[in-house]
Visitor: 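Structure incoming, see below.
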Amino acid sequence: NSVAFLAALGQETGRAQLLLLLTKTTGDAVVAKAPLRAIRKRGLRLKLASLDVAACEELVSSLFGDAENTGRLGKLLYDRSGGNPQLCMDLAQLLVKKKIVQYIDGAWVLPLGFEEGELPSRVEDLMAERLSALSPDARRLCEALSVHTGRVPIDRCVTLAEDMREQSAYLALDELVTEQILAIAGSHYAFRQAALRQSVLAQIEDERRKGLHRRAARALLESEGAGVAQRMEAARHLLLAGEELGGADLMAAAARDFM
């Protein structure tokens, strides 16, 4: 994978003047653990600081050019995001989507002021706003995928799409990628942000969440060539669905096969 390639590249360059600049979002699941450990061992780790007001204004200028009122918008993004770069970007995209910021006659037009309530003031509200704009199919598929902590193969995503035709499932996946809720990694899909997945999961009623865990377990067990790892993951889903006996039995059987 790409992480392994970068780890190998850093190892083999020797004394060549090559700078590798890599980023990882805190809280995101780690897939390629060994290559990431190698990169961390050889590299210098820096924790990014929050943006200040001037940096937020510069970000606004980079997005909207030399439009008027970039200073006001930069200050607003700073106040609402606390200088978090990802939240600044999410808020800027929301402004465009709600047509508060518009592209007219070849230039961006920023408003003089903002009404109270036009933009969410908390991270949770921002995430809820993004989810509320999804189509019903995309929202249902988003919820079905939220019970998975890691990447999900595309064929399993389609299987998890409740009562959807295959074409509708693919359209829902495309919408979730376009809205920057999911990211594509090869033939797999995953949430761009762990916090967003957790926000989706928290909004699902208890009984429906248990049903989604049961559906996830069934999809894992029915997948072709389901190995020990898939069965252990299916057992976890059964336990979270409240099926302690079935989950424990499946976990014990998978453990025996592994031994």
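Excluded from the calculations below are hydrogen atoms, water molecules and symmetry mates; all remaining heavy atoms, backbone and side chain alike, are included. Position 1 is the first residue of the sequence, and the numbers go up from there.
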Visitor: Once rounded to the nearest 0.5 Å, what's the spacing between atom CG of Leu201 and atom CG of Leu145?
Guide: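 That separation rounds to 11.5 Å.
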Visitor: Could you check Gln230 against Arg156 for side chain to side chain donor-acceptor pair (under 3.5 Å), going step by step and ending with a plain yes or no?
Guide: CA-CA 12 Å; Gln230 286 84 355; Arg156 198 179 307 152; over 6 Å; no
Visitor: Under the ring-ring contact (aromatic ring centres under 6.0 Å, His included) rule, what pairs show up with a residue in residues 229-255, not counting sequence neighbours?
Guide: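 Non-adjacent pairs meeting ring-ring contact (aromatic ring centres under 6.0 Å, His included): His148-His237, His213-His237.
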Visitor: Which heavy-atom pair separates Gly65 from Thr70 by the least distance, and what is that distance?
Guide: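 Result for this residue pair: O-CG2, 4.0 Å.
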Visitor: Quick one: does any side-chain atom of Ser61 pair with a main-chain N or O of Glu57 as donor and acceptor, under 3.5 Å?
Guide: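 Present.
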Visitor: Cut-off 3.5 Å, no hydrogens considered: what does the side-chain donor-acceptor table look like for residues 172-185, sequence neighbours left out?
Guide:
{"residue": "Glu175", "atom": "OE1", "partner": "Ser135", "partner atom": "OG", "Å": "2.7"}
{"residue": "Glu175", "atom": "OE2", "partner": "Ser135", "partner atom": "N", "Å": "2.9"}
{"residue": "Thr178", "atom": "OG1", "partner": "Asp174", "partner atom": "O", "Å": "2.8"}
{"residue": "Glu179", "atom": "OE1", "partner": "Lys97", "partner atom": "NZ", "Å": "2.0"}
{"residue": "Gln180", "atom": "OE1", "partner": "Gln93", "partner atom": "NE2", "Å": "3.4"}

Visitor: Rounded at 0.5 Å granularity, tell me how far CG in Leu77 sits from CG in Asp90.
Guide: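 Leu77 CG to Asp90 CG: 10.5 Å, rounded to 0.5 Å.
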Visitor: Rounded to the nearest 0.5 Å, what separation is found between the CG atom of Leu160 and the OH atom of Tyr189?
Guide: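 If I round to the nearest 0.5 Å, the distance is 13.5 Å.
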Visitor: Give the intermediate values and the outcome of side-chain contact (heavy atoms from CB on, under 4.5 Å) for residues Arg80 and Leu87.
Guide: CA-CA 8 Å; Arg80 295 297 174 93; Leu87 293 181; over 6 Å; no
Visitor: If hydrophobic clusters are built from ILVMFWY residues whose side chains come within less than 4.5 Å, do Leu240 and Met251 share one?
Guide: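 No, separate clusters.
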Visitor: Transitively linked via ILVMFWY side-chain contacts under 4.5 Å: Leu131 with Met164?
Guide: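 Linked, Leu131 and Met164 end up in one cluster.
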Visitor: To the closest 0.5 Å, what do you measure between CZ (Phe64) and CG (Leu59)?
Guide: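 Atom-to-atom, Phe64:CZ and Leu59:CG are 8.5 Å apart.
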Visitor: Kindly give the heavy-atom pair with the smallest separation between Val200 and Ser146, and that separation in Å.
Guide: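 Nearest heavy atoms, Val200 then Ser146: CG1-CB, 3.7 Å.
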Visitor: Determine whether the side chains of Arg192 and Gln86 contain a donor N or O and an acceptor N or O closer than 3.5 Å.
Guide: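 No - no donor-acceptor pair under 3.5 Å links their side chains.
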Visitor: Of all heavy-atom pairs between Ala190 and Arg151, which one has the smallest distance, and what is that distance?
Guide: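 Looks like CB-CG, 3.8 Å.
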Visitor: Does a side-chain N-to-carboxylate-O contact under 4.0 Å join Glu233 and Arg236?
Guide: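 Arg236 and Glu233: salt-bridged.
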Visitor: Does Arg165, at its CZ atom, have more than 12 non-hydrogen atoms belonging to other residues, nucleotides or ligands within less than 6.0 Å?
Guide: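 Counting neighbours around CZ of Arg165, 12 or fewer heavy atoms of other residues, nucleotides or ligands fall under 6.0 Å, so no.
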Visitor: Measuring from Arg197:CZ to Thr149:OG1, what's the distance to the nearest 0.5 Å?
Guide: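 That separation rounds to 6.0 Å.
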Visitor: Once you round to the nearest 0.5 Å, how far does CG of Leu171 lie from CD of Glu166?
Guide: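 Separation between the atoms: 11.0 Å.
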Visitor: Show your working on side-chain contact (heavy atoms from CB on, under 4.5 Å) between Leu250 and Leu238 and close with a plain yes or no.
Guide: CA-CA 9 Å; Leu250 181 58; Leu238 287 178; 4.1 Å; yes
Visitor: Under 4.5 Å between side-chain heavy atoms, hopping through other hydrophobics if needed: is there a path connecting Tyr78 to Leu95?
Guide: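 No, it is not one cluster - the side chains of Tyr78 and Leu95 are not joined through contacts under 4.5 Å.
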Visitor: Check step by step if side-chain contact (heavy atoms from CB on, under 4.5 Å) holds for Val60 and Leu110.
Guide: CA-CA 10 Å; Val60 170; Leu110 311 183; 4.3 Å; yes
Visitor: For Gln102, does the CD atom have more than 12 heavy-atom neighbours from other residues, nucleotides or ligands under 6.0 Å away?
Guide: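 Counting other residues, nucleotides and ligands, CD of Gln102 exceeds 12 neighbours.
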Visitor: Do you know the tightest heavy-atom contact between Cys88 and Ser81?
Guide: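 So the two residues come closest at SG-OG, 3.1 Å.
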Visitor: What pairs with Arg209 under side chain to side chain donor-acceptor pair (under 3.5 Å), at least two apart in sequence or on another chain?
Guide: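 If we apply the side chain to side chain donor-acceptor pair (under 3.5 Å) test to Arg209, skipping adjacent residues, the hits are Asp206.
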Visitor: Are Val96 and Tyr103 grouped together when hydrophobic residues (ILVMFWY) are joined by side-chain heavy atoms under 4.5 angstrom apart?
Guide: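 Both belong to a single hydrophobic cluster.
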Visitor: Minimum heavy-atom separation for Leu212 to Ala144, with atom names?
Guide: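 Leu212 and Ala144 have their closest heavy atoms at CD2-CA, 3.8 Å.
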Visitor: Hey, are the side chains of Arg231 and Leu221 touching, using non-hydrogen atoms and a 4.5 Å cut-off?
Guide: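 Yes, side chains in contact.
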Visitor: Could you pull out the closest heavy-atom pair between Thr159 and Arg215, with the gap in Å?
Guide: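 Nearest pair, atom of Thr159 first, then Arg215: O-NH2, 3.5 Å.
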